[in-house]
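For ligands, and for the atoms within them, numbers begin at 1 and follow the listed sequence. No hydrogens, no waters, no symmetry mates; every other heavy atom, side chains included, goes into these values.
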Amino acid sequence: MASYTEGQHLAAMLLSKGGPLTLCHRPTPTPGPNELLIAVHAVAFNPVDGYQRNFGLFISSYPAILGSDVAGVVLSAGSAVAASAPPPGTRVTAFAAAFFEQGNPDYGALQTRVIVPVENVAPIPDAVSFQDAAMLPMAVSTAWAGWYTIGLPRDTKYTAADKKGVLVWGGAGSVGSVAVQIAARLFGFVVYATASEKNHAYVKSLGASRVFDYKNAGVVEEIVKAAKEDGLSIDVAYHATPQNFKETLDVVKTLKFVETGKVAMAAPMDENSPKVEGVEAKFVLNPEGLEARKEQFRFVYNDWLKEKLVSGDLVPSPKARVVEGGLGSANKALDELMKGGISSEKLLVET
Ligand SMILES: NC(=O)c1ccc[n+]([C@@H]2O[C@H](COP(=O)([O-])OP(=O)(O)OC[C@H]3O[C@@H](n4cnc5c(N)ncnc54)[C@H](OP(=O)(O)O)[C@@H]3O)[C@@H](O)[C@H]2O)c1
């Protein structure tokens with residue numbers, strides 16, 4: 001797309017609450033001391049983008065630019081960026097700070113040039129496409145935030161002999177598929193997951209040992225029976241679907257060996273969220289406070305994601321689906337996402 005004129009670039013701007021996003025040219029910003037300027041090649045969509053566009057969530061003023069997930073190439077670095085950071089010319093994936101920055105146009109993903117904090121960036125190997133890389137930032141940080149929220153240390157390491165199980169409800173989704181991979185390949189849990197039947201083989205390929213169809217009325221009993229056959233305790237779980245269901249808590253209540261089981265809930269919670277005695281359900285949040293969050297992101301992106309994409313221990317998931325038409329199709333992609341029913345796919349636009 002012929003998007004770049006001297007000092008300007010193309011952006012899908014949110015001019016007022018409710019949208020739609022409108023294509024405009026805007027001045028290309030200069031990165032601050034600890035920031036990188038990225039030439040964006042692909043942007044992936046997340047539910048929060050739809051809430052921002054439609055309801056003004058996490059937006060302090062207009063015009064705003066939305067979007068968290070980008071892949072592209074580093075163009076320039078701020079004055080205090082360490083020499084160890086990806087230099088200009090490096091292919092990267094990055095977590096754009098659209099909602100932390102409350103819609104500040106310099107920081108939203110849906111444009112051809114975006115500023116990102118250096119701790120939110122991971123270089124990507126040549127073998128990983130921009131499309132696959134763009135699916136990762138939000139999913140990876142949310143998966144890690146979930147495990148952090150329920151108190152699992154980063155160095156959790158079980159072996160098969162420990163008989164430690166974990167349940168991921170929604171294992172074929174964007175967040176759930178990364179949560180499965182971390183739980184199985186890094187933490188060494190025996191992973192049980194739920195998914196639509198057509199996604200079972202896929203979720204197993206990510207490391208789940210058993211996958212259950214959440215559409216079966218007796219799914220909780222099926223999971224409990226299987227865990228008893230396998231001799232597992234399930235003290236913790238990750239619930240990663242658009243609504244919070246009681247079933248995940250029921251499984252943990254029945255199979256936990258600890259006094260209080262713990263469930264990370266990805267979707268927002270309120271007073272009507274499910275409650276079960278003996279199980280604590282907590283909304284997934286990154287560590288509180290700027291410095292703690294930066295430390296978490298340095299670990300997640302600068303270290304962990306960088307290393308695991310090279311080693312192949314993290315496979316980009318679920319499956320990228322490009323909505324044709326570039327940034328001009330951002331509204332169409334968001335409309336489709338907000339309608340629901342996307343299964344084991346992540347919608348993207350290319351710029
Ligand atoms: N707390 C945070 O910081 C944070 C960050 C990011 C996302 N989130 C939230 O996390 C949730 C998941 O996001 P995502 O991007 O991973 O979504 P996603 O990619 O659409 O995945 C959701 C998965 O949920 C499953 N599912 C859908 N309806 C279900 C139902 N009725 N019962 C059981 N499973 C069902 C689907 O499984 P099948 O395809 O197998 O049917 C789907 O793969 C959203 O609510 C999102 O807003 C929170």
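- In terms of polar-atom proximity, G170 is not counted as a contact of ligand 1, lacking any N or O under 3.5 Å from an N or O of the ligand.
- Near A267, meaning under 4.0 Å from any of its heavy atoms, are these atoms of ligand 1: 45 (O).
- Residue K246 places its NZ atom among 12 or fewer non-hydrogen atoms of other residues, nucleotides or ligands, all under 6.0 Å distant.
- Distances below 4.0 Å separate heavy atoms of A195 from the following atoms of ligand 1: 40 (O).
- Considering all non-hydrogen atoms of both residues, F257 and D235 come closest at N-OD1, 2.7 Å.
- Given atom 42 (C) of ligand 1, the protein heavy atom at minimum distance is G173 CA, 4.2 Å.
- Counting protein heavy atoms only, atom 20 (O) of ligand 1 is closest to I342 O, 4.2 Å.
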Assess whether salt bridge (charged side-chain N to carboxylate O under 4.0 Å, His left out) is satisfied between R210 and E229, documenting all intermediate values.
CA-CA 12 Å; R210 297 210 202 206; E229 277 168 19; 3.2 Å; yes

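- A donor and an acceptor atom, one from each side chain of Q102 and Y107, are nowhere located under 3.5 Å apart.
- Counting protein heavy atoms only, atom 3 (O) of ligand 1 is closest to V284 O, 3.9 Å.
- Closest to atom 19 (O) of ligand 1, if we only count protein heavy atoms, is S174 N, 2.9 Å.
- Residue P47 has at least one heavy-atom neighbour below 4.0 Å for each of these atoms of ligand 1: 15 (O), 46 (C), 47 (O).
- W147 has its ring centre less than 6.0 Å from the ring centre of Y238.
- With respect to atom 48 (C) of ligand 1, the closest heavy atom belonging to the protein is A266 O, 3.0 Å.
- Counting protein heavy atoms only, atom 44 (C) of ligand 1 is closest to P242 CA, 4.0 Å.
- Remark: distances from the non-hydrogen atoms of Y51 to ligand 1 are all 4.0 Å or more.
- Residue-to-ligand polar distances keep K215 apart from ligand 1: every N/O pair is separated by 3.5 Å or more.
- Counting non-hydrogen atoms of other residues, nucleotides and ligands closer than 6.0 Å to NZ of K228 gives a total of 12 or fewer.
- If you look at Y158 and F187, their ring centroids are not closer than 6.0 Å.
- Ranked by closest heavy atom to atom 32 (N) of ligand 1, the top entry among F283, Y238, Y214, Y202 is Y214.
- Heavy atoms of N199 come nearer than 4.0 angstrom to ligand 1 in at least one pair.
- Classified by interplanar angle (parallel below 30°, tilted 30° to 60°, perpendicular above 60°), the ring pair F95/F99 is perpendicular.
- Between the side chains of E222 and N216, at least one donor-acceptor pair of N or O atoms lies under 3.5 Å.
- Considering backbone and side-chain N/O atoms, Q243 never comes within less than 3.5 Å of an N/O atom of ligand 1.
- Of all heavy-atom pairs between A143 and I182, the closest is CB-CD1, 3.9 Å.
- With a 6.0 Å radius and a threshold of 12 heavy atoms from other residues, nucleotides or ligands, K275 has its NZ atom above the threshold.
- In this structure, atom 7 (C) of ligand 1 lies nearest to the protein heavy atom V175 CG2, 3.9 Å.
- Scanning all protein heavy atoms for the shortest distance to atom 4 (C) of ligand 1 gives T142 CG2, 3.5 Å.
- Ligand 1 lies less than 4.0 angstrom from a heavy atom belonging to A240.
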